[in-house]
J.: 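Provided herewith is a single structure, encoded as structure tokens, for subsequent inquiry.
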Amino acid sequence: MKSIKAIMLVLAFIVSATTFTADAQFRFGPKVGLTVNDMHFNKSVLDADNQTGWTAGVMGEFTIPVIGISADLSAMYVRRNAKFLAEQEISKDNRSYIELPLNFRYNFSLPLISKVVVPYLGVGPSVSFLTSRKNIHDAYRNRSVDWALNFGFGLRFLSHIDINARYGLGLTKAVRAIDDEYGKAGIEGKNRYWTITAAYLF
């Protein structure tokens, strides 16, 4: 009797999983946007200003409509710009990355308007691989890999147009000092940035 119950439970689970898979949707499409980057240093001797960059790439999304949960993964080319002041000298740093952000999203199904617009919240990690030069100047060097945790929100219009804003909290040190004076002081920088994107999903 216990074996029969166990088999019935397994069958019920398989049927439920199959139903979710059948209802699930996969979409992909182009994605473009702007970034506003702030290089956050751990020492007060450096001062950084917000700088605007841009991003472009492709996005894929997997959605389970029944429970309002989705996940999206993007492959983006990102141009991040930074300007900071060190010893009264302004230094500019223009960095290029290939970024892979993964976001887990909860979609709010609102009566009457869900066919037109669906708001959502998202969170997830991202990893960026440096494709430009490492040296900023003789004192600093960019690291090859940068990890961040993203928090964001967005709107899905007419089931195809996705507008998203997310804040990236740098988890690893994106810039490190190679000059002896700054190296001994332990000066290193982390990325803090807003990214605003628009995507069209087929």
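What you see below is based on every heavy atom in this structure, not just the backbone, and it leaves out hydrogens, waters and symmetry mates. Along the sequence shown, the residues carry numbers beginning at 1.
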J.: Are Met59 and Phe26 co-members of a hydrophobic cluster defined by side-chain heavy atoms under 4.5 Å apart?
T.: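 Different hydrophobic clusters.
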J.: First locate atom CH2 of Trp54, then atom CE of Met76, and finally report the distance between them rounded to the nearest 0.5 Å.
T.: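 Reported to 0.5 Å precision, the distance equals 9.5 Å.
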J.: Between Asp162 and Arg105, is the closest basic N to carboxylate O distance under 4.0 Å?
T.: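 Between Asp162 and Arg105 there is a salt bridge, with a charged N closer than 4.0 Å to a carboxylate O.
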J.: Can you name the nearest heavy-atom pair linking Leu149 to Pro125, along with the distance?
T.: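 Shortest heavy-atom contact: CD1-N, 4.2 Å.
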J.: Restricting to non-hydrogen atoms, name the atom on Glu99 and the atom on Ser128 that form the minimum distance, rounded to 0.1 Å.
T.: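 Scanning both residues completely, I find the closest heavy atoms to be CG-OG, 3.3 Å.
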J.: Ser132 side chain to Ser96 main-chain N or O, any donor-acceptor pair under 3.5 Å?
T.: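 Answer holds: yes.
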J.: Please tabulate, for the side chains in residues 195-202, all donor-acceptor contacts under 3.5 angstrom to protein atoms that are two or more places apart in sequence or on a different chain.
T.:
none

J.: Nearest 0.5 Å, please: how far is CG in Asp72 from CG in Leu102?
T.: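 Reported value, rounded in 0.5 Å steps: 7.5 Å.
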J.: Tell me, with the steps shown, if Leu73 and Phe62 meet side-chain contact (heavy atoms from CB on, under 4.5 Å).
T.: CA-CA 9 Å; Leu73 177 65; Phe62 183 81; over 6 Å; no
J.: Do the side-chain N and O atoms of Asn191 and Arg95 include a donor-acceptor pair separated by under 3.5 angstrom?
T.: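 Result is yes, a qualifying pair exists.
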J.: Could you report the tightest heavy-atom contact between Arg156 and His160, atom names first, then the distance?
T.: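 Scanning both residues, the minimum pair turns out to be CD-N, 3.8 Å.
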J.: About how many Å separate CD of Gln25 and OG of Ser159, when rounded to the nearest 0.5 Å?
T.: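 Between Ser159 OG and Gln25 CD, I get 7.5 Å after rounding to 0.5 Å.
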J.: Quick one: CG on Asn37 to CZ on Arg80, what's the gap to the nearest 0.5 Å?
T.: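 If I round to the nearest 0.5 Å, the distance is 6.0 Å.
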J.: Quick one: closest heavy-atom pair of Arg192 and Gly170, and the distance?
T.: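 Looking at all heavy atoms of both residues, the shortest contact is NH1-O, 3.3 Å.
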J.: Taking all non-hydrogen atoms of both residues, which atom of Pro101 and which atom of Ser126 are closest, and how far apart?
T.: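 For Pro101 and Ser126, the tightest heavy-atom pair comes out as CA-CB, 3.5 Å.
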J.: Check for me, please, whether Ile161 and Phe108 land in the same ILVMFWY cluster - side-chain distances under 4.5 Å, paths through other members count.
T.: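 Yes; tracing contacts between hydrophobic side chains, which count when under 4.5 Å, links both residues.
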J.: Could you tell me whether the side chain of Ile98 reaches within less than 4.5 Å of the side chain of Tyr77, counting heavy atoms only?
T.: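 The answer is yes; the side chains approach within 4.5 Å.
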J.: Taking atom OH of Tyr193 and atom OH of Tyr167, what is their separation to the nearest 0.5 Å?
T.: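 It comes to 9.5 Å.
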J.: Considering all heavy atoms of both residues, which atom of Thr172 and which atom of Trp147 are nearest to each other, and what is their separation?
T.: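 In terms of heavy atoms, the two residues are closest at OG1-N, 2.9 Å.
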J.: With Asn107, which of Leu121, Ile69, Ile67, Val118 fulfils side chain to side chain contact (heavy atoms under 4.5 Å, CB included)?
T.: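 Passing option: Val118.
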J.: Are Val145 and Val78 grouped together when hydrophobic residues (ILVMFWY) are joined by side-chain heavy atoms under 4.5 angstrom apart?
T.: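 Result: no, two separate clusters.
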J.: Could you see if Leu171 belongs to whatever hydrophobic cluster contains Phe151? Use Ile, Leu, Val, Met, Phe, Trp, Tyr and a side-chain cutoff under 4.5 Å.
T.: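 Linked within one cluster.
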J.: Does Phe153 belong to the same Ile/Leu/Val/Met/Phe/Trp/Tyr cluster as Ile163, with side-chain heavy atoms less than 4.5 Å apart forming each link?
T.: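 Yes; Ile163 is reachable from Phe153 via cluster members.
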J.: Which is it for Leu130 and Arg143 under the side-chain contact (heavy atoms from CB on, under 4.5 Å) test, yes or no, and what are the steps along the way?
T.: CA-CA 7 Å; Leu130 185 70; Arg143 292 185 179 271; over 6 Å; no
J.: So how far is it from Thr35 OG1 to Tyr97 OH, rounded to the nearest 0.5 Å?
T.: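 Going from OG1 on Thr35 over to OH on Tyr97, the span is 11.0 Å.
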